[in-house]
Amino acid sequence: MIKLVRGFKDILPTETALWQYVEATVRELLEDFGFAELRIPILEKTELFARSIGAGTDIVEKEMYTFTDRKGDSLTLRPEATASVVRAYIEHKFYAKDPVCKLYTIGPMFRRERPQKGRYRQFYQINAEVFGLHDPRADAELILLLMKFMNRLDLSGIVLHINSLGCHKCRPHFKDDLKTFLANRSEQLCSDCLRRRDENPLRIFDCKVPTCKETMTDAPSILDRLCSKCRSHFNTVQDVLKMSHIPYETNHRLVRGLDYYTRTTFEVLAGALGAQDAVAGGGRYDGLVKALGGPDQPGVGFAIGVDRLIELLAGQVQGLEKRSHLFIAALGVRAQDRAFQWVQDFRMQRFRTEMDLEDRSLKSQMRRADKLEASYVLIVGDRELDEGAAVLRNMTTKEQERVPLRGLVGFVVSRIKPTTTGRNNEDRR
Ligand code: ATP
Ligand code: MG
C-alpha cells in the first residue's frame, strides 16, 4: 500500500467542517476590513524566496522544497506567502491604481522541517498584507483584525507579543551591541548561530536550540536602541492597542524567522499548543517591495497557521452545530420513483436530503437514517401513496405526523426549517 509522504497529512471529512468554518469566518472579517482575495501559485522561482526571506534564515538554508525543472530553472514550493503577494503587487502594478492595497490569500505552504506535533511539511496559512501605508495605525489595525478573529472563534488562553526591529538606521547599532554581547559566548552557540553571528546576529533570537535560547535571555534589548522615529512608531502602535483594549506583552526577543521585517513584529501564542505555540505572526516590511524590484512602498502583514488554529479549536469546542437534514425511506418501486423526485426538490430548497436507492426493508432504511444522523425521516410506501399522505418522523422527539402528498415538499420544509447556523454567530467583544 502506498502511504502519505512523511510530514504531510489528509484533512478528513470529519475535520473539514471546522476548516470551512474558520475560513468563512476569516473571509467575512477580512472583507469587512477592506481586503480583497488574491490567489497565487504554489510554485515560484527560487530566487524570489531567497531574496526576500533572507539567505541566512532556516527556511532558505534548509527547509525549501526546491527542484530544477526540465529547462534548468530552479523552482520552489512556496514556504510562505508574503514574497508571492509582493511579487504579484509589483507584477500587476497594483500600486499604479492605488498604492494602498489590502490583499489576503489562503492556502498551503511547504517547509521541509522535522515533522512533529504542530509542525508539518505542508501546512496552511491565512495571509493578510497591507501595502502603501506608513502610519503605525496600519500595523495596529492589522493586529486588531487578528485579535478580532481569534475572538470570533472564541479562543481563550492566547497572548499577543509585540516588538520593534527598528529600521536600517537604528538596527545596525543594535547588531553591533549583539555582536559585542556574543563575542565571548562562542561555546554556548550552535554551529548555525556561530555562522550567523557576524552576518545576521538577530537570527540567533529565533534559534530553537536550548543553549542558544538560554544565552539570548541576557542579550541586550533592541527596544533600547530604537531611533526616535522607530520609537514613536512603536509607541503609537501600543497606544492604539491600549485604546482598543487589546492586551499585549512587549517581547524584545521576538525577531521572527524572516529577514524582511522592519519596525513592528508580532506573534500570537497559545500555551495549550505545547512546544509549537505560535498560531500567527507578522510585522512590517518596509524595504521588501523595493528590494524585489517594485516602487518604494511600505508593507505590513500577518500569517495565521491554520493547522495549529484548528488544533486549538478542536480542543476547545464541542464541534459545530450540525445542519438538520432529511432522509426519505421509500418502500416499493412506485414510492422510490416519487421519492427520487422529492429528494431533488428538497435539495433545490437548500435542504440536505438523502434516500436509499436500493429499496431495502423499512428496518434497514431506518438504520441507515440513524447512521446518517438524519433529523427527520419521511416514510412512504404503497399504502401512503394510496392514502395521499406520508409519515414524517422527528428522529429526536420520535414524534410522527401525517403530511399530505400534494404540495409535500413545501409543507415539509415549512415544518422542519433547516438550522444552518455556525457555532456562534454572535460577535463576542
Ligand atoms: P515557528 O516559530 O513555529 O517555526 P514560524 O515563525 O516559522 O513559526 P511563520 O513563518 O511566521 O512561522 O508562519 C506563521 C504561522 O504559520 C506560524 O505562527 C505557525 O502557526 C504556522 N506554521 C509555520 N510553520 C509551520 C509548520 N511547519 N507546520 C504548521 N504550521 C506552521
Ligand atoms: Mg519556523
Side-chain angles (χ1 to χ4, degrees), residues 4-9 11 15 19 22 26 49 52-54 56-65 76-86 104-129 142-143 146-147 149-150 153 155 158-163 165 192 196 202-210 212-213 216 251 253-261 264-285 288 299-314:
L4 270 169
V5 178
R6 190 167 129 82
F8 289 69
K9 65 173 179 191
I11 300 165
E15 303 166 304
W19 285 74
V22 164
V26 82
F49 302 116
S52 57
I53 299 169
T57 59
D58 274 350
I59 296 180
V60 172
E61 278 186 345
K62 30 186 172 178
E63 298 173 358
M64 297 203 303
Y65 280 99
T76 294
L77 290 179
R78 62 177 186 199
E80 61 112 35
T82 305
S84 309
V85 177
V86 172
Y104 77 91
T105 190
I106 303 179
M109 306 297 152
F110 304 84
R111 295 183 196 172
R112 203 176 184 290
E113 304 191 75
R114 190 169 74 79
Q116 53 195 296
K117 184 172 174 286
R119 211 176 273 298
Y120 310 98
R121 290 178 167 180
Q122 173 173 339
F123 59 96
Y124 294 79
Q125 283 188 347
I126 297 161
N127 267 85
E129 315 288 349
L142 261 181
I143 298 175
L146 184 59
M147 299 318 282
F149 174 53
M150 301 290 167
L153 296 178
L155 283 177
I158 51 170
V159 285
L160 168 67
H161 282 189
I162 62 169
N163 191 23
L165 293 181
D192 282 339
R196 289 165 183 162
L202 260 81
R203 285 264 60 77
I204 303 177
F205 281 114
D206 203 43
C207 183
K208 308 264 186 314
V209 176
C212 298
K213 273 192 162 168
M216 298 310 274
N251 173 3
R253 283 184 285 271
L254 177 66
V255 297
R256 322 264 315 108
L258 310 104
D259 271 354
Y260 50 63
Y261 288 113
T264 320
T265 54
F266 51 91
E267 207 156 75
V268 176
L269 306 171
L273 287 176
Q276 271 59 252
D277 60 351
V279 195
R284 179 167 277 278
Y285 46 88
L288 186 60
V300 51
F302 65 65
I304 303 169
V306 187
D307 309 70
R308 293 184 193 171
L309 190 66
I310 295 282
E311 194 184 314
L312 262 184
L313 276 174

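Computed from a predicted model, the values in this text were never measured in an experiment. These numbers come from the heavy atoms of this one structure, side chains and all, not from hydrogens, waters or symmetry mates. Just follow the structure's listing: the first ligand is 1, and inside any ligand the first atom is 1.
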For Ala280, counting its heavy atoms only, list the atoms of ligand 1 lying under 4.0 Å from any of them. 18 (O)
Give the contacting part of Glu80 toward ligand 1: side chain, backbone, both or neither, where contact means a heavy-atom distance below 4.0 Å. neither
Provide the number and element of each atom of ligand 1 under 4.0 Å from a heavy atom of Ala278. 17 (C), 18 (O), 19 (C), 20 (O)
Heavy-atom pairs closer than 4.0 Å: do any link ligand 1 to the side chain of Arg308, the backbone, both, or neither? side chain
Quick one: closest heavy-atom pair of Met216 and Arg253, and the distance? O-CD, 3.6 Å
Apply side chain to side chain contact (heavy atoms under 4.5 Å, CB included) to residues Ile11 and Tyr124 and explain how you reach the verdict. CA-CA 11 Å; Ile11 300 165; Tyr124 294 79; 3.7 Å; yes
Before accepting this row, confirm whether a basic side-chain N of the pair Asp192/Lys208 lies closer than 4.0 Å to the acidic partner's carboxylate O. no
Backbone or side chain, does any N or O of Gln276 fall under 3.5 Å from an N or O of ligand 1? no
Could you tell me, atom by atom, which parts of ligand 1 come under 4.0 Å of a heavy atom of Arg256? 6 (O), 9 (P), 11 (O)
Which one holds for Arg121 and ligand 1: side chain close, backbone close, both close, or neither close, with close meaning a heavy atom under 4.0 Å? neither
Those atoms of ligand 1 less than 4.0 Å from some heavy atom in Ala303: 14 (C)
Nearest-option assignment for atom 5 (P) of ligand 1, heavy atoms, candidates Arg111, Gln116, Glu267: Arg111
Where is the tightest heavy-atom contact between Gly283 and Phe266, given as atom of each residue plus distance? N-CE2, 3.6 Å
Give the minimum heavy-atom separation between Glu80 and Gln125, together with the two atoms involved. CA-OE1, 4.4 Å
Any heavy atom of Val279 under 4.0 Å from ligand 1? The part involved is backbone
Heavy atom under 4.0 Å from ligand 1: found in Met109's side chain, backbone, both, or neither? neither
Is there a side chain to side chain contact (heavy atoms under 4.5 Å, CB included) between Glu63 and Ile53? Walk through the geometry before answering. CA-CA 12 Å; Glu63 298 173 358; Ile53 299 169; over 6 Å; no
Test your reading of the structure: does Asp307 have an N or O sitting under 3.5 Å from an N or O of ligand 1? no
Numbering as shown, the atoms of ligand 1 that approach Gly118 to under 4.0 Å (heavy-atom distance): 28 (N), 29 (C), 30 (N)
Can you label the angle between the Phe110 ring and the Phe8 ring as parallel, tilted or perpendicular, going by 30° and 60°? tilted
Step by step, work out the side chain to side chain contact (heavy atoms under 4.5 Å, CB included) result for Phe149 and Leu309. CA-CA 11 Å; Phe149 174 53; Leu309 190 66; 3.6 Å; yes
Kindly indicate, with the supporting measurements, whether the criterion side chain to side chain contact (heavy atoms under 4.5 Å, CB included) is fulfilled by Val85 and Asn127. CA-CA 9 Å; Val85 177; Asn127 267 85; 5.5 Å; no
Pairs of nitrogen or oxygen atoms closer than 3.5 Å, one from Lys208 and one from ligand 1: do any exist? yes
